[in-house]
Amino acid sequence: MTNSMVSKLLEVMDRTLIGPPISRKEWDYKLVPRTTMRVLKDHGLERTFDPNNPINTDLSLADEFWEAGFSLAVELGMFCPETERIVKFTEEEIEEALKNAVSEVSLGKGKDRITIKVRVPEDPSPPIAAMSALGLSVSEELYVPICQSIAQYRIVDMLLGACLDRLHGREVRSRTPYETLAGFYEAKLVKEALHRAGRPGMPVFGVEGAPTEYGFFGGFLPGGFEPECTLAICLIPEPFTLPHRILHRVAVALITGTSIEAGHMTTIGGYFGPPEGAALGAIAAHILQAASMQPTVIESTILDGRYFGNCGREALWATSVANQAKSRNSRSMVLGITSQVAGPGTDMILYETACISLAEAVSGAAIVIGTRPTACKYPNYCSGLENKFCAEILKASAGMKLSDANYVVKELLPKYERRLRDPPKGRSFKELTNLVTLKPVPDWLAIYEKVWKELEELGISKP
Amino acid sequence: MGKEELLNRLKDLVVNGDEEGIREATKEALEAGIDPLEIINEGLKKGLDIVGEKYEKLELFLPDLVLAADTAYAALNIIIPRLSERAQEFRKGKVVIGTIYGDIHDIGKNIVASLLRANGYEVFDLGSDVEPRKFVEEAERVEADFIAISCLLSPSMFYMRDIIQRLVDMGIRDKYYVIVGGAAVYPEWAKEIGADGWAKDAEGAVKLCNLLKERGKEVEKPVLVGKWR
């Protein structure tokens, strides 16, 4: 950790203690939504969501969103919930942070080492495919097989472990030594899965199953996640907040020399309102996290609050315009998330995956994480195959035009969008996987092949 | 201003989330002799219904929903003391609410708290990341009817069970209806830990409390409101 890194973190911490005071209610329900709506109006961005074009193809619109997001970031700043104070950044500080943003990083070891690079819309090189059973609760006995089933596919570049539900049979209770031990245990299990998949040097994320800083600290102790192979997850559950409990993670990541994945989530229908507001919020949050958290990559997830996924028309559009804005106007690396509501073993999860993966990738995401079946509702409802599919779509998107991706998405959306609020549950890992070979069962493979055939007919080449 | 106009104004003030304005308008409506029940049903409730419909259609958003509910609550605070013997009907009960230990998500919990308030419940909000013992201590202190627990993270769900176990250990389990909800919480979990009810969303939480309040002794537990996919 350099002196400059320490100084930056100390400066941010100091501001959380001395910034202008504001109550949580005033911030959440008045200042943030009202300022967002005003900035949207000032920049003429209200009602720009186009349901007939779920992937934005107007890059000048994306640039206007960037300008508006920058204004919003400067005007609002971030809220520290522990001290109920606003942490402000000047225009110059933000510009400096964006200018110095990391635009390339290499992670992993040996033949599994990869390089994440900043991308732009329609970039000829594909994004990094980071696959997972994202956020899903997974049984202890299935943890390694599930991770292995994902990592076994060579097209997958990075692995994000799932959330462990037990630790040697015990409940993993947050903020207890169980959680601290589970953070470390997750690292062990992920490494074991990579070893079994024959990909020991594959880069990973840590710690996925860390609801509090205890699990995070446990994961980064010696013998746990290795700095040269890991992106340290420092996600902020609420937009525009800068909690001390997340800055703990930033401190540990800096001390251990681990690259930081900052992140935030904005919800359509939530604090930022309509799809345009959610896109604007995501851009401003990206800018503010670049200024406050010393990130290597910045995750941005725009969910639709009506079904808590990001594969509907509104979320796809907001994701595309926000990613285009960020990737065209800064050199910071954008990390996208795919969040499906259908379960594995269904065609719907593959249609959802295709749409959101295309939206993320053609709009300039440097790295994309998939998949998140059933929006994490059902433990063990995941498999390797939807992850392989997601990675294939990401790789197939290299060089694709926004208009072509928009065409494909428009063809696929009618196949599932009416089911977003009542999606099929699908089947569990055990039902979808041969537990000896870790290959998909034949009927799941047949669904995958059927959907790929449809995509090929729409002009996408399977890599 | 005529009766119809006053009721419409109340409705609009709820939709606009204008807490200041509604205090004045509520007093004016009461002084004009409008039946408090009519103020609630034809003014406040209609406003809340409009907000609910618009929220569903993405015409209004989370902050609008919370501010509208808080506005209706501000009006209820003025109306309820005027209801005299009928007041009991609107003082539906006391709810101690919070997000469980280890979990800092509180958006959903805040919506539930606001809608409960707007529907006549007295709500004691403990915030997020709340230790199990605090739920019980607060429920005892305020003589609550309900303990409402929210959770979005699986590793924090176990603490919900601790609250119920604490109530059992103290011999006061039957004093409270314990209801649970939040993205991580599924109906089977409510059953497993011995909760009295589970609701899918904030509107469901209001229905759940109403149902338990009215027929809690008769119905089989846990009462489940809404569909878990």
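First the proteins, then the strands, lettered A, B, ... as listed; each starts at 1.
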By a 4.5 Å heavy-atom criterion (distance strictly below it), what part of [X] contacts chain A: side chain, backbone, both, or neither?
X	result
Asp64(B)	neither
Asp129(B)	side chain
Leu152(B)	neither

Legend entry - Cationic tip of Arg173(A) above Tyr159(B) ring, under 6.0 Å, 45° of axis: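 Output yes; distance and angle both within limits.
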Inset, instruction - May I ask you to establish whether Lys425(A) and Tyr378(A) are in a cation-pi arrangement, using a distance under 6.0 Å from NZ or CZ to the six-membered ring centre and at most 45° from the ring axis? - result: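 The answer is yes; both the distance and angle limits are met.
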Which one of [options] has the most heavy-atom pairs closer than 4.5 Å to chain A?
options	result
Leu60(B), Leu62(B), Asn110(B)	Leu62(B)
Asp201(B), Leu153(B), Val66(B), Leu65(B)	Val66(B)
Gly102(B), Pro155(B), Ala183(B), Ser156(B)	Pro155(B)

When heavy-atom pairs shorter than 4.5 Å are enumerated against chain B, which of [options] gives the highest number?
options	answer
Lys25(A), Glu179(A), Lys30(A)	Lys25(A)
Thr212(A), Asp28(A), Val172(A)	Val172(A)
Gly273(A), Gly277(A), Pro33(A)	Gly273(A)

Legend entry - Exercise: do Thr99(B) and His105(B) side chains pair donor with acceptor under 3.5 Å: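 Side-chain D/A pair, Thr99(B) to His105(B): absent.
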Legend entry - Asp145(B) with Lys92(B): basic N within carboxylate O range, under 4.0 Å: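 Salt bridge between Asp145(B) and Lys92(B), a charged N being under 4.0 Å from a carboxylate O: no.
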Legend entry - Salt-bridge criterion met for Asp162(B) and Arg166(B) (N-O under 4.0 Å):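 Result for this pair is no, no salt bridge flagged.
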Inset, instruction - Assign the ring pair Phe158(B) / Trp189(B) to parallel, tilted or perpendicular, where the plane angle (0 to 90°) is split at 30° and 60°. - result: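 Plane angle over 60°, so perpendicular.
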Inset, instruction - Apply side-chain contact (heavy atoms from CB on, under 4.5 Å) to the pair Phe135(B) and Leu126(B), showing each step before the final yes or no. - result: CA-CA 8 Å; Phe135(B) 281 90; Leu126(B) 298 173; 4.1 Å; yes
